[in-house]
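So the structure is just underneath, and the comments pick up after that.
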Amino acid sequence: MGYRAQVEKGIDLVKNVRPHMQELALGGTATVTGLNTHPEFPERMTHQGILGDN
């Protein structure tokens, strides 16, 4: 396998895992109360906050 094929395969692997990463549980928020979380936590943890505009 040449360098180009390795890079293309790596890109495909990242693209394939991305939907599964969106299901990542975000614990540590005192069971939905938000106690002791950063004030911007909800905004930063939204779909666009994590993934940007892509």
Side-chain angles (χ1 to χ4, degrees):
M1 178 182 303
Y3 178 76
R4 179 181 172 143
Q6 290 177 7
V7 171
E8 289 173 347
K9 185 171 185 157
I11 291 170
D12 288 341
L13 289 170
V14 171
K15 286 180 180 178
N16 289 333
V17 77
R18 189 172 176 177
H20 301 287
M21 293 300 292
Q22 294 173 355
E23 298 173 5
L24 182 64
L26 299 173
T29 61
T31 316
V32 190
T33 65
L35 185 64
N36 296 323
T37 59
H38 189 280
E40 296 175 10
F41 180 81
E43 181 179 325
R44 290 181 179 186
M45 295 300 113
T46 62
H47 183 265
Q48 286 189 344
I50 294 172
L51 300 176
D53 293 329
N54 295 329

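Keep in mind that this is a model prediction, so the values were computed, not measured. Residue indices begin at 1 and follow the sequence shown.
The list of salt bridge (charged side-chain N to carboxylate O under 4.0 Å, His left out) pairs with a residue in residues 5-16, not counting sequence neighbours, reads Arg4-Glu8.
Grouped by direct or indirect side-chain proximity (heavy atoms under 4.5 Å, Ile/Leu/Val/Met/Phe/Trp/Tyr only), Val7 sits with Tyr3, Ile11. Under a 4.5 Å side-chain heavy-atom cut-off, the cluster of Ile, Leu, Val, Met, Phe, Trp and Tyr residues that includes Leu13 has no other member.
With sequence neighbours excluded, no residue forms a side chain to side chain donor-acceptor pair (under 3.5 Å) with Gln6.
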